[in-house]
Amino acid sequence: MMHSLRLRLSVISVTLLGGLLLLTMALTYWMVQLTWQARVDEILQNTATRLLHVITDAAAPGNRAFLELATSTRADVLVQLVSPQGEVLFASSNAFSRAPFYSGRDILLGIHYVTVKMDMAPDLRVLSVPVSRQGRPTVVLQVAMLVDVAQEMQRSLILWLGGMILLLLVAAFFLFSSVIRRALRPLDNLARMALTINRADDLSLRIPIYGYDDDEVGQVISAFNTTLERLETLFTSQQRFLADVSHELRTPLTVIKGSVGLMRRSQAFDPELLDSIEAEADRLTRMVESLLLLAKAEAGKLTLNRRTVDLDAILLDTMAAMQVLAQDRVQLVLTDLAPVQAEVDADRLKQVLVNLISNAIKYTPDGGQIFIGLQVEGKTVRLTVRDTGPGIPEADLPHIFDRFYRAEKSRTRRKEAGGFGLGLSIAYWIVRAHGGTIEVSSAEGEGATFVVVLPLRPSEDD
Ligand code: ADP
């Protein structure tokens with residue numbers, strides 16, 4: 001419970017609210033005090049002004065007008081006349097004390113307000129006005145009022161306020177904690193859903209978004225779902241990969257096992273069977289090598305041995321070698337050949353050319369043609385391999401560079417052609433490692449065109 005986010009948020013909110021309310025309470029206390037003090041001071045001042053009018057410079061106590069006025073003031077206003085030495089010369093009948101209300105020396109200096117605390121009696125607000133003759137104070141007029149009612153009001157107001165604030169804070173705590181609980185409920189659901197996915201081992205499940213999808217919680221859920229999606233893709237592609245590899249391994253292994261069995265039964269050395277064993281072993285080796293290369297490339301660890309080479313020479317070499325494979329079945333035609341030097345990994349680039357041209361030869365029917373070109377375009381070089389074969393169905397085009405992908409037709413029709421569906425993936429990764437692009441365009445029945453664009457020099461960030 002101590003670690004509950006809800007509890008922490010509630011406590012923080014209530015503490016902040018409490019602080020603000022206390023501040024308001026303090027301000028109220030101060031404002032009330034200022035208000036009643038201003039009112040009391042005004043009354044004291046009015047009385048003092050009226051009395052000062054009738055104080056003559058003759059000794060005040062004998063002054064009738066003063067006496068009359070002093071005894072007819074408001075019942076709650078007390079009047080005293082005090083000599084500079086501090087004796088009380090006159091006190092109105094309601095003045096309960098025979099001592100001056102206030103006897104600090106500062107009363108002789110000028111008009112002076114003070115609140116006097118008295119033992120056993122309520123506080124007094126006192127106004128002292130010195131009356132001077134020929135520059136010397138002769139008497140001090142003191143007008144005072146008891147302020148117990150105002151103070152009592154002020155105190156009880158604060159008690160009330162304090163009590164109400166306390167109740168308010170308790171109510172606020174429950175209110176906040178229920179609001180926060182509601183706001184956090186989607187997170188609870190998120191956690192529960194995540195656990196369910198764990199338990200069910202089912203990456204295809206997604207967490208539904210409650211409420212808004214662009215608020216904070218919605219964003220967390222979206223991010224989580226994106227992660228799930230990515231994991232699911234990765235996971236399925238790993239599974240498919242394993243299935244593909246196992247599938248590809250089965251045929252050669254069956255052939256090898258069958259051939260060995262045949263030889264054992266016939267107890268004879270059969271060069272044909274040995275050839276087929278060797279061919280299958282070679283196929284397996286090629287596949288494993290291709291897979292290793294792809295694994296490296298996909299992990300971004302494909303190292304290129306770049307040197308400046310003549311691309312045109314490499315192209316011509318490869319074409320000559322491929323012509324042997326094509327025999328007279330299909331014709332290799334060179335359309336453009338720009339003399340160009342580029343900084344590339346010659347062996348790997350040759351592999352790209354071999355893969356593209358051998359595909360073209362493999363899939364083009366007898367009597368077809370394959371057009372090969374090399375052009376320079378600014379700081380890039382463009383390699384084209386176009387054939388007059390059956391082309392690639394549109395549905396297959398987006399997947400053609402995936403590993404183990406073979407278009408459905410070629411899968412059934414030319415199994416003996418012996419591809420694993422790795423050639424184009426390898427070409428793709430090699431071109432990519434060079435910082436170039438490879439693209440295919442084709443329409444069924446109209447042949448396929450592969451275009452590789454490579455930078456002549458590696459760019460800075462390669
Ligand atoms: P494979 O070893 O099967 O040739 P690739 O990765 O080289 O594998 O090619 C993948 C698939 O692309 C092939 O199975 C084939 O269906 C299709 N393909 C590639 N090149 C061509 C082409 N020139 N003409 C028609 N289809 C092609």
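As the structure is a computational prediction, the values presented were derived from the model and not from experiment. Just follow the structure's listing: the first ligand is 1, and inside any ligand the first atom is 1. For the numbers below, each heavy atom of this structure counts, side chains included, while hydrogens, waters and symmetry mates do not.
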Q: Do Y102 and H112 have ring centres separated by under 6.0 Å?
A: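 Yes, the ring of Y102 comes within the 6.0 Å limit of the ring of H112, centre to centre.
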Q: Can you tell which of L157, T24, I158 makes a side-chain contact (heavy atoms from CB on, under 4.5 Å) with Y29?
A: I158
Q: Could you list which atoms of ligand 1 come closer than 4.0 Å to a heavy atom of K362?
A: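 That gives atoms 1 (P), 2 (O), 4 (O) of ligand 1.
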Q: Please indicate whether any nitrogen or oxygen in S425 is less than 3.5 Å from any nitrogen or oxygen in ligand 1.
A: no
Q: Looking only at N/O atoms, are G421 and ligand 1 under 3.5 Å apart anywhere?
A: yes
Q: What do you reckon, does G391 put a non-hydrogen atom under 4.0 Å from ligand 1?
A: yes
Q: Which residue, L22, T15, L21, forms the side-chain contact (heavy atoms from CB on, under 4.5 Å) with L169?
A: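 It is L21; the other options fail the test.
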Q: Over all heavy atoms of both residues, which pair between M319 and I357 is shortest? Give the atoms and the distance, please.
A: CG-CD1, 4.4 Å
Q: With salt bridge (Lys or Arg N to Asp or Glu O under 4.0 Å) as the criterion, how do R283 and E289 come out once you've worked through the C-alpha distance, each side chain's angles and the decisive distance to 0.1 Å?
A: CA-CA 10 Å; R283 237 172 89 77; E289 273 167 4; over 6 Å; no
Q: Is it the side chain (CB and beyond), the backbone, both or neither of L422 that lies under 4.0 Å from ligand 1, heavy atoms counted?
A: backbone
Q: List ligand 1 atoms under 4.0 Å from N359, heavy atoms only on the residue side.
A: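 Taking each heavy atom of N359 in turn, ligand 1 has 4 (O), 5 (P), 7 (O), 9 (O), 19 (C), 20 (N) under 4.0 Å.
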Q: State whether the shortest distance between N or O atoms of R406 and N or O atoms of ligand 1 falls below 3.5 angstrom.
A: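 R406 vs ligand 1: no N/O contact under 3.5 Å.
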Q: Is I392 close enough to touch ligand 1? Criterion: a residue heavy atom under 4.0 Å from a ligand atom.
A: yes
Q: Indicate yes or no: does an N/O atom of A448 lie under 3.5 Å from an N/O atom of ligand 1?
A: no
Q: Select one of side chain, backbone, both or neither to describe which atoms of L424 lie under 4.0 Å from any atom of ligand 1, heavy atoms only.
A: both
Q: Show me the pairs that pass salt bridge (charged side-chain N to carboxylate O under 4.0 Å, His left out) and involve residues 22-49, at least two apart or across chains.
A: R39-E42, D41-R125
Q: At a 4.0 Å cut-off, with the gap strictly under it, does some heavy atom of R403 reach an atom of ligand 1?
A: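 No, R403 has no heavy atom closer than 4.0 Å to ligand 1.
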Q: Would you tell me whether Y428 and D402 have side-chain atoms, one donor and one acceptor, within less than 3.5 Å of each other?
A: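 Per modelled atom types, Y428 and D402 side chains form no pair under 3.5 Å.
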Q: Identify which one of V354, L291, N355 satisfies the side-chain contact (heavy atoms from CB on, under 4.5 Å) criterion when paired with I426.
A: N355
Q: ring-ring contact (aromatic ring centres under 6.0 Å, His included): which pairs involve residues 151-175, sequence neighbours left out?
A: none
Q: Will you find, in the side chains of Q151 and D123, an N or O donor that is under 3.5 Å from an N or O acceptor?
A: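 The answer is yes; a qualifying pair exists.
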Q: Taking only heavy atoms of G423, which atoms of ligand 1 are found under 4.0 Å from at least one of them?
A: 5 (P), 6 (O), 7 (O)
Q: Show me which atoms of ligand 1 lie under 4.0 Å from any heavy atom of D387.
A: 22 (C), 23 (N), 24 (N)
Q: With a cut-off of 4.0 Å, which atoms of ligand 1 are near a heavy atom of Y405?
A: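 What qualifies from ligand 1 is 10 (C), 11 (C).
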Q: Using a 4.0 Å heavy-atom threshold (strictly under), name the region of F420 that reaches ligand 1: side chain, backbone, both or neither.
A: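 Backbone only.
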